[in-house]
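One structure is given below, encoded as structure tokens.
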2 protein chains.
Amino acid sequence: MSISPVAGMSLDRFWATIESSAKIGEGRPGGLARLTLSDADRQMRDQFVVWCKDAGLRVTVDEVGSIFARREGANAEAHPILIGSHLDTQINGGRYDGIAGVLAGLELCRTLDDLDYRTERPIEIVNWTNEEGCRYSPPMVASGCFVGAYSPEWVHERIGDDGSRFGTELEKIGYRGIIPCVPRSVDAYFELHIEQGPLLHAEGCEVGVVTGGFPSHGMLARFAGETAHTGPWPMELRRNALAAGARWLSAVDDLGMEYAGTGGKATAARLAAWPNKPGILSDTADAVCDVRHGDPSTTKVMAERMRRSLFEAAARNGCEVEILDEWLWGGDIFDPTLIASVRQHAGRLGYRWRNIVSQAGHDAYFMARHCPTAMVFTPCRGGITHNNREHCEPDDFRAGLDVLLHAVVERADRSE
Amino acid sequence: MSISPVAGMSLDRFWATIESSAKIGEGRPGGLARLTLSDADRQMRDQFVVWCKDAGLRVTVDEVGSIFARREGANAEAHPILIGSHLDTQINGGRYDGIAGVLAGLELCRTLDDLDYRTERPIEIVNWTNEEGCRYSPPMVASGCFVGAYSPEWVHERIGDDGSRFGTELEKIGYRGIIPCVPRSVDAYFELHIEQGPLLHAEGCEVGVVTGGFPSHGMLARFAGETAHTGPWPMELRRNALAAGARWLSAVDDLGMEYAGTGGKATAARLAAWPNKPGILSDTADAVCDVRHGDPSTTKVMAERMRRSLFEAAARNGCEVEILDEWLWGGDIFDPTLIASVRQHAGRLGYRWRNIVSQAGHDAYFMARHCPTAMVFTPCRGGITHNNREHCEPDDFRAGLDVLLHAVVERADRSE
């Protein structure tokens, strides 16, 4: 037996849960500022745990704060299907980015309860800590730790711009769990997410079948110069790290403009200099930039030009520069069988769907290194996100939720 | 009667006082971080007040925290001669920038006591609050208030990068005085300061006769854009305020390079964007730049190019920009009679002197709007300043102190 091929989730219940969550961590009008490990994050986690327990799920927390809520399978020994995303938001974040994927997992479990249906394999909903990377760099640090890319100790030592330490804040909000954060066997990972781009909405598609990630390449660099007086100190002796950093960001932004015609992007994302004051040259500047292009070889060219402009900027301003971190995302990382299943259910249920690549980073990128992974995208108005004007209607989620339900159940029940 | 034409100050006592002050607010090795209205500033003020009272001076504090220590004149009704500078430092500051001028005033009063000499006019030593502008913008805010450029209420409302309010911190350290900070009659203002440039040291000159200020023109601008996701959001729709700010700073730095051959400078001094995080475009960026050139008409050209590049940067990145503040310094602002007096005493005492223009901003710039003003420069090694490697030897101050003594006494005793 299985669920009815036309079974669907309760959109009303899902939406009511979303609406309720949007009261926690309010930011600019209509938006959220639910920063990782803040009080608002704790409140949201507490509420999520209550909802999970009400749904009869068993909740555990790992040592970097990720929350797992398990619905047992008929075969308790089988590796679980994970469904998840994140509850945290950017500082000027919206109401759907992240949490929609977590609550989709919750609604899926509630739906199976309504149907009185037990899948063969267990299902676990997961909330990954600090997906956004807004308070602590890097982003997606908890899913990275889960798949072995980072150690839990390293994660705990991350320091935010506010001087706070990840591990200390995690304990303070009561979410330093006892479960070790180490790779464990997972049958598959599903993540539903709003598209964060304009395509589905513009084309009237109800669901996006995510075929891969937009290739992207990012760098965190540190410029080192020397403080001096901004008045008398001669230009030729200056080693102004802020000027070097500004030069790099400006060059990267130019690069983005140059490739805009073919959909490329280059982002001047962050520049933090010290002392960064009138009257004194800065001796340190940390800068973050990245490049993205649909064509992997173009991304590679853009990345090389970003790298060259980094060293040119440092040299021009007499500074030293070091690349402290570098990351590559995207490509054909998702599982062909799962992609096919998502596509097949979308078509079978009569929803308007399209293939799409993800342009943003997601925890699914890390999970794809670890187990078969798929993403399901839902429309958002104008593609606006990381902004309080991010907007979705309830109907925007109908197709995504139903497709997720059937793809997950199919995976959970498959015979090997 | 007057003092002996070869009278001098006690270099040993002056140096011992400097050395003692350098223990308050220690920063990087050898340097100071005595930020305005910090605990270290309070300690330094307390110590300075003790020294002044030990010297029999009458201490008053005005409502923006400036400290005046008065040595009465034979004619108590006469307008006083002010001698001063500042006790605060940059965050990576040195041991002489500012405080040397305040303690030179103190040593002058001590010397007159040793000589049992009373000048005709009163003498007042002054410590101006927040000369550096390192914690609160703008710099030189208290001398500006004293001459009527700012209101005390406006000064109190300044907010630092640490979120602190000037007025609140001033009360916290106990230096919100009761004397109104309004323009009052002053006979003349003298300020001794280390050169903060390499000329005196390089040419073996013992004292600099400051003839004017290096013309400079600064701007504080605010760029306004919109947050969005750094991944999917198309380049042509982006309004990244950080990129606009970086573009401006980079253009201004280029301008400085272009005029370096004729001693011009252009400084990319500050860039503070929000949210300034990976993953999200910034919607606000505050930036400070300035240009300086010995030739006033060239400074004007540079300033116009700085202004044009500001609007170009904003336009290129789809941002709005507003100039929140703009300041012009320098020119022939000092008093010819006082300059001639300083020069004459330097020559008469047999010191190696040269005419020099000030390249840095000083409280004397504001005071020159209000009363006859002169500055005396002393050498500092390599011209290095706003850096913990700022360095002077006791002998570097001998000529400056002696010249100051005679120029001040001449002014204080003159018959009109």
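Here is how names work: the chains are called A, B, and so on, in the same order as the sequence lines, proteins then strands, and each is numbered from 1. Quick caveat: nothing in here was measured; it's all calculated off a predicted structure. No hydrogens, no waters, no symmetry mates; every other heavy atom, side chains included, goes into these values.
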Exercise. Measure distances from A/Arg238 to the heavy atoms of chain B and classify the residue's part below 4.5 Å as side chain, backbone, both or neither.
Key: side chain
Exercise. State, to 0.1 Å, how close B/Ile384 and B/Arg389 come at their nearest heavy-atom pair, and which atoms those are.
Key: CD1-NH1, 3.4 Å
Quiz item: Do side-chain atoms of B/Thr227 reach the backbone of A/His386 as a donor and acceptor pair under 3.5 angstrom?
Solution: yes
Quiz item: Within the side chain of B/His293, is there an N or O that forms a donor-acceptor pair under 3.5 Å with the backbone of B/Thr262?
Solution: yes
Quiz item: So what's closer than 4.5 Å to chain A heavy atoms on B/Ala273: side chain, backbone, both or neither?
Solution: neither
Self-check item: B/Glu226 side chain vs B/Arg239 backbone, donor-acceptor pair below 3.5 Å
Solution: no
Quiz item: Which one, A/Asn317, A/Asn388, A/Leu281, A/Val252, leads in non-hydrogen pairs under 4.5 Å with chain B?
Solution: A/Asn317
Quiz item: Among B/Gly218, B/Ala243, B/Pro275, who wins on heavy-atom pairs under 4.5 Å with chain A?
Solution: B/Ala243
Quiz item: Tell me, do A/Met140 and A/Trp128 make a side-chain contact under 4.5 Å, heavy atoms counted?
Solution: no
Quiz item: Where on B/Asn92 is there a heavy atom nearer than 4.5 Å to chain A: the side chain, the backbone, both, or neither?
Solution: both
Quiz prompt | Structural part of B/Trp329 lying under 4.5 Å from a heavy atom of chain A | solution = neither
Exercise. Heavy-atom distances under 4.5 Å only: say whether A/Ala272 touches chain B with side chain, backbone, both or neither.
Key: both
Quiz item: Between A/Leu249, A/Asp254, A/Asp161, which has the largest tally of heavy atom pairs under 4.5 Å with chain B?
Solution: A/Asp254
Quiz prompt | Test applied, salt bridge (Lys or Arg N to Asp or Glu O under 4.0 Å); reference residue, B/Arg222; option that passes from B/Asp286, B/Asp325, B/Asp283 | solution = B/Asp286
Practice problem: Mark yes or no for whether A/Trp248, through its side chain, and A/Met306, through its backbone, hold a donor-acceptor pair below 3.5 Å. | Solution: yes
Practice problem: Name the option with the most non-hydrogen atom pairs under 4.5 Å to chain B; the candidates are A/Pro198, A/Cys134, A/Ala313. | Solution: A/Cys134
Quiz prompt | Options B/Ile280, B/Asn276, B/Asn387, B/Asp253, ranked by heavy-atom pairs under 4.5 Å with chain A, top entry | solution = B/Asn276
Quiz item: Which atoms of B/Ala251 come close to chain A, meaning under 4.5 Å heavy atom to heavy atom: side chain ones, backbone ones, both, or neither?
Solution: neither
Quiz item: Distance-only, no hydrogens or angles: does the A/Asp88 side chain make a donor-acceptor pair with backbone N or O of A/Glu132 under 3.5 Å?
Solution: yes
Self-check item: Contact class of B/Gln90 relative to chain A, heavy atoms under 4.5 angstrom
Solution: side chain
Self-check item: Part of A/Pro139 within contact of chain B (heavy atom distance under 4.5 Å)
Solution: neither
Exercise. Sort B/Thr230 into side chain, backbone, both or neither according to what part of it lies under 4.5 angstrom from a heavy atom of chain A.
Key: both
Practice problem: Determine yes or no for a side-chain-to-main-chain donor-acceptor pair under 3.5 angstrom, with B/Gln359 supplying the side chain and B/Gln196 the backbone. | Solution: no
Exercise. Applying side-chain hydrogen bond (donor to acceptor under 3.5 Å, both in side chains), run through B/Ser164 and B/Tyr136 and close with a yes or a no.
Key: CA-CA 9 Å; B/Ser164 67; B/Tyr136 302 99; 2.6 Å; yes
Quiz item: What option among A/Leu237, A/Leu220, A/Asp290, A/Asn240 has the most heavy-atom pairs under 4.5 Å with chain B?
Solution: A/Asn240
Practice problem: Verify, without hydrogens or angle tests, whether A/His217 (side chain) and A/Met302 (backbone) share a donor-acceptor contact under 3.5 angstrom. | Solution: no
Quiz item: When heavy-atom pairs shorter than 4.5 Å are enumerated against chain B, which of A/Gly264, A/Pro232, A/Ala246 gives the highest number?
Solution: A/Pro232
Quiz item: Looking at A/Gly361, A/Ala285, A/Ala266, which makes the most heavy-atom pairs under 4.5 Å with chain B?
Solution: A/Ala266
Quiz prompt | Under 4.5 Å from a heavy atom of chain A, the part of B/Arg247 involved | solution = both
Self-check item: Contact class of B/Leu271 relative to chain A, heavy atoms under 4.5 angstrom
Solution: both
Quiz item: Sub-3.5 Å donor-acceptor pair from the side chain of B/His201 to the main-chain atoms of B/Gly382, do we have one?
Solution: yes
